[in-house]
Protein chains: 2
Amino acid sequence: MAIKRAKTMEDIARLANVSKPTVSRALRNSPLVTEETRRHVLDVATKHGYVINRNAQKLRESRANTIAVVLDFSSHRENRISDPFIFNLLAGVSEALGQRDQDLLLCSPAHSSVESLGSITTSRGADGIIFLGEGGRRDDLIALAERAVPFVVWGAVEKTLPYCAVGSDNFQGGFLAAKHLLDQGRSRFLFIGDTHHAEINLRRQGFIKALSEEMGARAANLVVSDMSLDDFSYGASHRAATEMVKGPRPVPDAIFAASDTAAMAVISAFRAAGLSVPEDVSVVGYNDIPASEHFHPPLTSVRQDVHVAGALLVEKLMLAIEGRSPQSTMLETRLIVRASS
Amino acid sequence: MAIKRAKTMEDIARLANVSKPTVSRALRNSPLVTEETRRHVLDVATKHGYVINRNAQKLRESRANTIAVVLDFSSHRENRISDPFIFNLLAGVSEALGQRDQDLLLCSPAHSSVESLGSITTSRGADGIIFLGEGGRRDDLIALAERAVPFVVWGAVEKTLPYCAVGSDNFQGGFLAAKHLLDQGRSRFLFIGDTHHAEINLRRQGFIKALSEEMGARAANLVVSDMSLDDFSYGASHRAATEMVKGPRPVPDAIFAASDTAAMAVISAFRAAGLSVPEDVSVVGYNDIPASEHFHPPLTSVRQDVHVAGALLVEKLMLAIEGRSPQSTMLETRLIVRASS
DNA sequence: TAATTTTTTGAAATGGATTTCATTTTGGAA
DNA sequence: TTCCAAAATGAAATCCATTTCAAAAAATTA
C-alpha cells in the first residue's frame with residue numbers, strides 16, 4: 001500500500017475532474033469560477049478532508065497573514081511577578097488579530113535580538129511586528145525603523161519617535177493621579193517607579209506638573225519626592241517602601257505608583273509599618289489590573305483600555321504593512337477611584 | 001531602476017560564484033562543504049543582508065518548527081479577570097519552545113473550532129499543538145486524538161484519556177489542602193469551584209478523600225459542603241460567597257477554593273460580612289499566583305511549577321511529533337502555607 | 001604516471017499553491 | 001445559423017530552498 005500522503009490541490013483537482021487553478025479559485029471564492037463548479041469542488045475537498053498547505057500558499061503570495069508579537073516574558077518570570085496588564089494587552093491584540101484573520105506568532109526577545117527579530121518579516125515568517133513594551137531597547141527600535149520593517153510599539157508616545165507607537169497618555173495619567181491626591185488634601189507626595197522607562201517617566205512628569213501648578217495656588221507646602229526602582233517588581237517596590245518608612249524624612253501621605261503591582265507592594269509595606277491606607281496615606285496605582293479591584297483596600301488606579309489598545313495596535317500595523325505611515329496615538333486614561341485614596 | 005526585491009539564495013549563489021545548493025549547505029553548516037567555501041558564502045550572505053525565506057524552507061522540509069499554543073483568552077476577557085496562572089504557564093511554554101528553537105503560534109479557540117485547530121497541523125502551519133486548558137471541550141480533544149494530530153494538553157490527567165496530558169496532581173493538591181485545614185483543627189469545610197472542569201473536580205475529590213479518612217479517626221463532626229460555580233471568575237465567586245454568609249446554614253470555618261482568584265473573592269466577601277481570616281475561617285487557594293503572596297492576608301495556596309510544566313509539555317509534544325506516544329504526567333504539588341490559614 | 005577512491009560541487013527535480021496568458025466554452029447579437 | 005464578445009477553464013511559469021544524483025576535482029594508491 002502506498003504511504004498515506006496529505007492530499008494536495010492537485011489531488012483534489014483530479015478527484016473533481018477539474019484543473020488545479022480551478023480548485024484554487026473555487027476555494028478562494030474567486031468570481032472566475034461557476035457557482036456549480038465551486039460547489040462541486042468544495043464538496044470533493046471537504047469530503048477528502050483537504051486542507052490547504054499554508055506554507056506553499058505563503059510562499060506564493062508574498063503575504064504571510066501572520067503578525068509577530070514580541071513580549072518579554074523573561075523579566076517577569078525572574079521576579080515571579082507578571083504584571084497582568086501586559087497579558088491583558090496580549091489578549092486584546094490576539095482578539096484584534098483574530099478578527100482580521102491574522103495569525104499571531106509570539107516571540108520572546110530573550111531568545112533573539114531586536115535586530116534578528118526584524119528579520120522575521122524579511123524572512124516572510126510574519127508581515128509585521130507588534131512590540132508589547134519597549135523593553136528598554138528604544139535604540140534598537142529606532143534602528144529598526146530605518147529598515148523597512150513594518151512594526152508598531154506599545155509604549156511611550158513621543159513626537160520625535162521615528163516609529164509608530166500607541167500608548168496611554170501617561171502624562172495625563174500622572175496628572176489625573178496628582179489632581180486626585182491634591183483633592184484629598186494631601187501634601188507630602190511620593191512617586192514610585194522606574195523612570196528609565198519612558199512611559200513611567202511621563203507619568204512622573206504629569207504628576208509633577210499637576211503638583212507644581214498647585215504650588216502657585218496653594219501656599220506651597222508640598223513635598224515631592226521620588227523613589228526610583230530598577231524594575232517593576234513587587235519585591236523591589238516592597239523593599240524600597242520598607243526602607244522608606246524606616247528612614248528619617250517625613251513619611252509621605254500621598255503616593256502615586258507607576259503600576260498597580262508596585263502600589264500593592266507599597267501598601268503592604270506601609271501597613272506592615274503600622275500605617276493605614278487610606279487614613280494615613282492615599283495611594284494611586286496604574287493600569288487598573290483585575291486584582292486591584294479586589295485588593296484590600298481596593299486600589300484607586302489609572303485605567304488603560306486594553307481592548308481599544310489592542311485594536312489600535314493591529315489597525316496601525318496593518319496600515320504600516322500596506323506601506324502607509326500610521327500616526328502614533330495616545331489613549332485617554334481614566335481614573336478609577338476606589339478606597340485606597 | 002529595477003524594483004528592489006529581497007535577495008534569494010540564487011542571488012547569493014551568483015554573488016559568491018557558487019551554486020545554489022552550495023549556499024544552502026554552507027548556511028546549514030553541512031559537512032559537505034569546505035570550510036573555506038562556507039566562510040566565503042557566509043560573508044557574502046551577511047554582507048548583502050540575506051535572510052532565508054522561511055516559507056520556502058518550510059514548504060520544502062515538511063517540518064514547520066512551529067508549535068501552536070491554544071489559549072482561551074475570551075473567557076478571561078469577559079470577566080475582566082484573567083487568572084494569571086495560565087499566563088505564567090504560557091511564559092513557561094514560551095521559554096521551553098525558545099530553547100528548542102521552535103516558533104510559537106498563539107491561537108485562540110474563540111475564533112476557530114477545535115476541529116479546525118486540528119487542521120493547523122495538517123496545513124503545515126504548525127507541527128503540533130499545546131492546549132493550555134481543556135476549556136470544557138474534552139470531547140473535541142478526544143475526537144482530535146483519533147486523527148493523527150500531535151498534541152498535548154495541560155489539564156486533568158486521567159488514565160483513560162486517549163491523549164497525552166500534563167497537569168498538576170489535582171487530587172493530591174486537594175488532599176494536601178484538606179490535611180492542612182484539618183491540622184488547624186477546623187471542622188466545617190467548604191469546597192468552592194466549578195466541578196464541570198475535570199481538574200477542579202479532582203481537587204474536590206482529593207479534598208473529600210482526606211476529610212473522609214479523618215472521619216474515621218476523629219469523632220465525626222465534620223461538615224462538608226460544596227459551592228459550584230459556573231466559572232472561575234472573581235465576580236461569580238464573590239457573589240456566591242456573599243450569598244452564603246447571609247444564608248442560614250452554619251458558616252464554614254475552612255475553605256478550599258479551586259483557584260487563588262476565587263479564594264481572594266471569598267475572603268473579600270467574608271470580610272465584608274464581618275468575618276475575619278484566618279481567625280474565623282481558614283482559606284486555602286490553588287495555583288499560588290504571584291498576587292497571592294501579597295494579598296491581605298497572604299494566601300495559603302497549592303503551588304504548581306509552571307516552569308517545569310512548560311518544559312514538560314514541550315518535551316512531550318516533541319515526542320508526539322516524532323511519532324512516539326508520550327505518557328501523561330502528573331506534577332507534584334506543594335502547599336505553600338501563609339497567613340490565610 | 002595511471003588508476004582508484006574520496007571529497008566538492010552543480011544541474012535538475014521537488015514541495016504545493018497562485019498567477020498569467022492562451023484556449024475553450026457559452027451566451028448573445030446579427 | 002453564423003459570428004463575436006464574454007465567461008470559464010487549463011497549461012505552464014512562478015515563488016524559493018532542499019535534496020538527489022551525476023559530474024568534476026582533489027587526494028590516495030598502485
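Chain identifiers are assigned alphabetically (A, B, ...) following the order of the sequence lines, protein sequences preceding nucleic acid strands; residue numbering begins at 1 within each chain.
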Show every donor-acceptor pair shorter than 3.5 Å between a side-chain atom in residues 149-161 of chain A and any protein atom, with sequence neighbours excluded, or say none if there are none.
unit_1: A:Glu158; atom_1: OE1; unit_2: A:Arg138; atom_2: NH1; d: 3.2
unit_1: A:Glu158; atom_1: OE2; unit_2: A:Arg138; atom_2: NH2; d: 3.4

| field | Base versus backbone protein contacts along nucleotides 9-18 of chain C [heavy-atom cut-off under 4.0 Å; B, S, -] | value | BBBBBBBBBB
| Restricting to pairs with a member in residues 41-50 of chain A, which pass salt bridge (Lys or Arg N to Asp or Glu O under 4.0 Å), not counting sequence neighbours? | none
| Partner set under ring pair (Phe, Tyr, Trp, His ring centres under 6.0 Å) for B:Tyr50, not counting sequence neighbours | none
Solution key, residues 55-62 of chain A side-chain donor-acceptor pairs under 3.5 Å, sequence neighbours excluded:
unit_1: A:Asn55; atom_1: ND2; unit_2: B:Arg124; atom_2: O; d: 2.9
unit_1: A:Glu61; atom_1: OE2; unit_2: A:Arg28; atom_2: NH1; d: 3.2
unit_1: A:Glu61; atom_1: OE2; unit_2: A:Arg28; atom_2: NH2; d: 3.3

Without placing hydrogens or testing angles, list every side-chain donor-acceptor pair under 3.5 Å for residues 15-25 of chain A, not counting sequence neighbours.
unit_1: A:Ser19; atom_1: OG; unit_2: A:Thr22; atom_2: OG1; d: 3.1

| remark: Min and max contacting nt of DNA chain D in 5' to 3' order, chain A heavy atoms within under 4.0 angstrom, are D:dA8 to D:dC16
| request: Taking the side chain as every heavy atom from C-beta outward, state whether A:Val314 and A:Gln99 have any atom pair closer than 4.5 Å. | output: no
| Which salt bridge (Lys or Arg N to Asp or Glu O under 4.0 Å) pairs, counting each pair once, include a residue from residues 310-319 of chain A, with sequence neighbours left out? | none
| When the C1' atoms of the five terminal pairs at each end define the local axes, what inter-axis angle does the helix from C:dT1-D:dA30 to C:dA30-D:dT1 show, to 10 degrees? | 50°
| message | Holding to side-chain contact (heavy atoms from CB on, under 4.5 Å), I want the full list of residues that pass it with A:Glu146, two or more places apart in sequence or in another chain. | response | none
| note | A:Pro31 meets the side-chain contact (heavy atoms from CB on, under 4.5 Å) criterion, sequence neighbours left out, with none
| Which residue pairs satisfy the salt bridge (Lys or Arg N to Asp or Glu O under 4.0 Å) criterion with at least one member in residues 6-16 of chain B, sequence neighbours excluded? | B:Arg5-B:Asp11, B:Asp11-B:Arg14
